[in-house]
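Notes to accompany the following structure.
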Amino acid sequence: MSLSTTLIDKTFDPSELEARWYAHWEASGAFRPERPDARPYTIIIPPPNVTGSLHIGHALDNTLQDILIRYHRLLGRDARWVVGTDHAGIATQMVVERRLAEHGQPDRKTMGRARFLETVWDWKAESGDTITRQLRRLGASCDWANERFTMDDGFNTAVTKVFVQLFNEGLLYRDKRLVNWDPKLGTAISDLEVEYREIDGHMWHFRYPLEDGSGYLAVATTRPETILGDGAVAVNPDDPRYTHLIGQRCRLPLVDRLIPIIADGYVEADFGSGAVKITAAHDFNDFEVYKRHPDAGIPVINLMNPDATMSDACPPDYRGLTREEARRQVIADFDALGLLDKIEPHRHQVPYGDRSGVVIEPYLTDQWYVDAHTLAQPALEAVRSGATKFVPATWEKTYFNWLDNIQPWCVSRQLWWGHQIPAWYTPDGACIVAESEAEAQAKAPGVALRRDEDVLDTWFSSALWPFATLGWPENTPELSRHYPGDVLVTGFDIIFFWVARMMMQGIHFTEQPPFHTVYCHGLVRDAKGQKMSKSKGNTVDPLTLIDKYGADALRFTLAAMESQGRDIKLDEKRIEGYRNFATKLWNAARFAQSNGIGAYGTGANGIGGQGITPPAATHPVNRWIIGEVAQTVAALDAAMAAYRFDGFADTLYQFVWSRFCDWYLELTKPLLAEGADAALAEETRATAGWALDQILVMLHPAMPFLTEELWHKLGERPHDLILARWPDAASLPRDAAASAEIDWLIALISEVRSARTELNVPPSAKLGYSVDGASEETSARLAANATAIERLARIIPMEGAAGQGGRLQLIVNEATFTLPLEGIVDLAAERTRLEKAIAAAAKERDALAGRLASPGFTDKAKPEAVEKARADHAARTAEAERLGAALARLG
RNA sequence: GGGCGCGUAGCUCAGCGGUAGAGCACUGCCUUCACACGGCAGGGGUCACAGGUUCAAACCCUGUCGCGCCCA
């Protein structure tokens, strides 16, 4: 591609230039320039699912990260955005299994583990670059050259080492506990993968005959099928209805088993019948009760097979039935025995697998657990001490709450796709944990070993992402340079998944928290505020939006709407508006180019195009815009330091459109016109070129494509914009006198325009004016800015005083401007206009007077506030007086 | 049941102690030599409600009402 300067086209086509620039940046290594002496700046991407595709939440998350990375790269930091994808165990395995079914191929079990895994790797190879391609469309300037994957060899080494070390430290162990079992997927799943749905169910009341034949105990349950596994009945110790039964036994119908009646505070007397069946193997609460009563002899009976059909532990009649069939059968059998007391409608929470959509079964199995409670303590301390900060800080509470109550973390999954657990079993059931089979074998010479078939929870490996991506467990230069990272940018909904686990493992294995800041953004919702979901059909595809409006417009929209974690209601109108903004800048650059304004410091003077130091401008408008740039840079720096992406975008929007385009370009048109002072024109072209360059740099983090294109269109450059230098606010000159003059000029022009419109003066009519009470400074300014005033306000000075007829009068500071409008102006309309202005000034004057007179204000308020009130009061008083005089002159 | 957050212009949202802001939408005018994806000007808010603190409250405190989310 040619980087030579060319004329800027009349139309701006985002798609063409986006593809061109992205390829160029990536090929030229611009995403990670060699900066060995610079301070590192590191962001670790929350790795997207390798077989997923980019949704609008990713677009937000990665836009924010890219803005941070590009900003810091422009600041000269050794910026690195570590990128890669997650193998996403369950999700990916499900996708592949579904594809096999769709294509009529043998299922997983039929084809066997080895062939199935080959199929998954094939699928990963085929579809795995979809999401990374989409990230590129967005403009994400990641370090692709070092892309990682949570199942690559290096990761496998890291995962194995972590597993073995935690095991050796006693922080990882095998245990038989209840897990959330997904009978459809045939695996344990995380608490976080369980969603509770409100279901209209029933509360069945059954009669359990007392052992001594003295009657029945009514037991209420929502899950009759688990009666077959009951090991006890519990009542509240303070429930007078049942105290006499505590310690007795009752006979479990259908099973004909005697079970104890125990007392436990967990039972609520006024819920159900006040007597709760205890099925330790199928209910989390019941399991806790069981553990609290070790002497009660409560049996733990696993009623189900892994697919949730009834197991051989049930009486013969129920074996092989599904959960649902068993429920119906149990109810019918109780009814037949006359032991069904009553059925009440009952709305309750039922756990469902968020991926499989089936009811989750609390299920007693052998699994591997991590002692999360122990690992959580340093992770909590890191945030308490401020070593890691949440932005906004309110999310710390969520983090604390979750880690404070964390349970042992079940890390084994009955899947094939994932890191296989490095544990081997001897024929007599002994378990050997080792980094390799050879090592395991060495510990048990001559014994046949069988490897644990299960794999690790995806989050077990994701937790290592911030350091394993940098080469850990090797002590690589990359690791020492880029770890810990600077900021993790993620949705608040993922604090439990990502943040907490990365903090726990990061601190345990590297002794440092993996990032000093966690920025949590909100969810992207549709324009009505509904959460987007495929089932609702209200999702928006970021790629479609990019096609329609350009990546820059989408990025800018997401940044502008991101205000510290609040959810974003995405309205396409907003994107359209920022597309218009991009077009505005494009046209401004086109205008600049047609006026001989180009890359600052290139061409004849050839300073090299760095454009850091502004030209030594003499004209107030040029000195003013340099000061405005300085102010803008400072505001942008402050916004970035505070992670205020909305403030960053808004500052740019206002500066580019409302300052640079609306005023600077308009005010300098006369200075560039034919016949204007040549030296001044040259100065103005230089200043405009410089200011435009700074705009491109400042806007680049948010709109990288458009700005890079214009950067090159405007002149020969020694380097791409992506590698330019961010302006230094402190070193830019600010001229208070020039600012005051231009502010005055803008106020004057605005006053005139406003009055003209109000009095229906035709826009084309050029009016004469005279001025009274003008200070020397104002007179000088009027003379110096005569051309701009004529052009933008369409008024020219006239000889002599105004006559007695119709006239338009306006006040700017101390001066009164009179525009005779004999026959044109409607006297009544002008009177109304002046009266309105007087009323406004008087209202403020009186309010200020009231405040100044009120007791306490002058001695209790801050001196600055008092001073400002006095100054404002004086100004409003004078304004009202001058307007009053003007009204009097109308006659 | 516990916790968090939100109610500011028609819409979407900033502002969080010193005279109410932005974008979009709306109204009027403008085929002005960068841009109609534009220019100029304008209308529109008792900042949910009720108390309190303060010289001063959209902003701090308490309560009420309405909405949302998370955890159990």
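Numbered from 1 within each chain, the chains take letters A, B, ... in sequence-line order. These numbers were taken from a predicted model, which means no experiment stands behind them.
B:rA9 and B:rG44: their C1' atoms are spaced 6 Å apart (whole Å). Annotation: B:rC61 and B:rC6 have their P atoms spaced 11 Å apart (nearest Å). Using atom P as the reference point in both B:rU53 and B:rU62, the two lie 15 Å apart (nearest Å). For the C1' atoms, the distance from B:rG39 to B:rU64 is 49 Å, rounded to whole Å. Taking the C1' atom of each, B:rC40 and B:rC49 are spaced 41 Å apart, rounded to whole Å. Here, B:rC60 and B:rG15 have their P atoms 12 Å apart, quoted to the whole Å. B:rG2 and B:rG23 have their C1' atoms separated by 39 Å, given to the nearest Å. One P atom belongs to B:rC13, the other to B:rG7, and the distance between them is 9 Å to the nearest Å.
Taking a 6.0 Å sphere around NZ of A:Lys669, one finds it holds more than 12 heavy atoms contributed by other residues, nucleotides or ligands. Atom CZ of A:Phe817 is surrounded by more than 12 heavy atoms from other residues, nucleotides or ligands within 6.0 Å. A:Glu790 CD: more than 12 foreign heavy atoms inside a 6.0 Å radius.
Proximity of the aromatic rings of A:Tyr549 and A:Tyr578 is defined here by a centroid distance below 6.0 angstrom, and this criterion is not met. A:Phe284 and A:Phe287 have their aromatic ring centers separated by at least 6.0 angstrom.
Counting only residues at least two apart or in different chains, salt bridge (charged side-chain N to carboxylate O under 4.0 Å, His left out) contacts with residues 638-648 of chain A comprise A:Arg644-A:Asp646. Applying the salt bridge (charged side-chain N to carboxylate O under 4.0 Å, His left out) test to pairs two or more places apart or on separate chains, those with a residue in residues 839-859 of chain A are A:Glu844-A:Arg876.
Taking the ring pair (Phe, Tyr, Trp, His ring centres under 6.0 Å) definition, one finds that A:Phe660 meets it with A:Tyr664, sequence neighbours left out. With sequence neighbours left out, the salt bridge (Lys or Arg N to Asp or Glu O under 4.0 Å) criterion links A:Arg753 to no other residue. Every residue meeting the ring pair (Phe, Tyr, Trp, His ring centres under 6.0 Å) condition with A:Tyr399, not counting sequence neighbours, appears here in chain and number order: A:Phe390. Checked against side chain to side chain contact (heavy atoms under 4.5 Å, CB included), A:Arg870 has the following partners two or more places apart in sequence or in another chain: A:Leu852, A:Thr858, A:Val866. With sequence neighbours excluded, the residues forming a ring pair (Phe, Tyr, Trp, His ring centres under 6.0 Å) with A:Trp498 are A:Trp459, listed by chain and number. By the ring pair (Phe, Tyr, Trp, His ring centres under 6.0 Å) test, A:Trp586 is found to be paired with A:Phe12, residues two or more places apart in sequence or in another chain being considered.
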Please list, for nucleotides 2-10 of chain B, all pairs of protein and nucleotide N/O atoms separated by less than 3.5 Å.
| from | atom 1 | to | atom 2 | distance (Å) |
| --- | --- | --- | --- | --- |
| B:rC6 | O3' | A:Arg566 | NH1 | 3.4 |

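A:Ala861 comes within contact range of at least one nucleobase, with a heavy-atom separation under 4.0 Å. A:Arg579 comes within 4.0 angstrom of a base, heavy atoms only.
Between the P atom of B:rA72 and the CD atom of A:Glu288 lies a distance of 14 Å, rounded to the nearest Å. A:Leu554 places its CG atom 21 Å from the P atom of B:rC37, with the value rounded to the nearest Å. A straight line from CD of A:Glu758 to P of B:rG43 spans 8 Å, rounded to a whole angstrom. The separation between A:Asp650 atom CG and B:rU12 atom P is 19 Å, rounded to whole Å. Look at CG on A:Asn180: it is 10 Å from P on B:rA72, rounded to the nearest Å. The interatomic distance linking A:Arg644 (CZ) with B:rA22 (C1') rounds to 13 Å, in whole Å. Spacing between atom CG of A:Leu706 and atom C1' of B:rC37 amounts to 13 Å, rounded to whole angstrom units. Atoms OH (A:Tyr578) and P (B:rA22) sit 13 Å apart, rounded to a whole Å.
Comparing B:rC69, B:rU12, B:rA22 by their closest approach to the side chain of A:Phe492 singles out B:rC69.
Between A:Lys862 and A:Ser658, the residue whose closest nucleotide on RNA chain B is further toward the 5' end is A:Lys862.
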Going 5' to 3' along nucleotides 24-35 of chain B, which nucleotides have protein heavy atoms under 4.0 Å from the base (write B), which only from the sugar-phosphate (write S), and which from neither (write -)? SS---S----BB

Go ahead and write out RNA chain B as dot-bracket, 5' to 3': ( ) for pairs within the strand, [ ] for ones crossing earlier pairs, | when the partner sits on another strand, dots for unpaired; Watson-Crick or G-U wobble, both distances under 3.5 Å. ((((((((.[[[[.)..(..]]]].(((((.......))))).....[[[[[..)....]]]]]))))))).

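Looking at residues 867-881 of chain A, you'll see A:Arg876 sit with a heavy atom under 4.0 Å from some atom of RNA chain B.
Counting heavy atoms from C-beta outward, A:Phe581 and A:Met703 have side chains that approach closer than 4.5 Å.
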Assess whether side chain to side chain contact (heavy atoms under 4.5 Å, CB included) is satisfied between A:Thr687 and A:Thr668, documenting all intermediate values. CA-CA 10 Å; A:Thr687 308; A:Thr668 52; over 6 Å; no

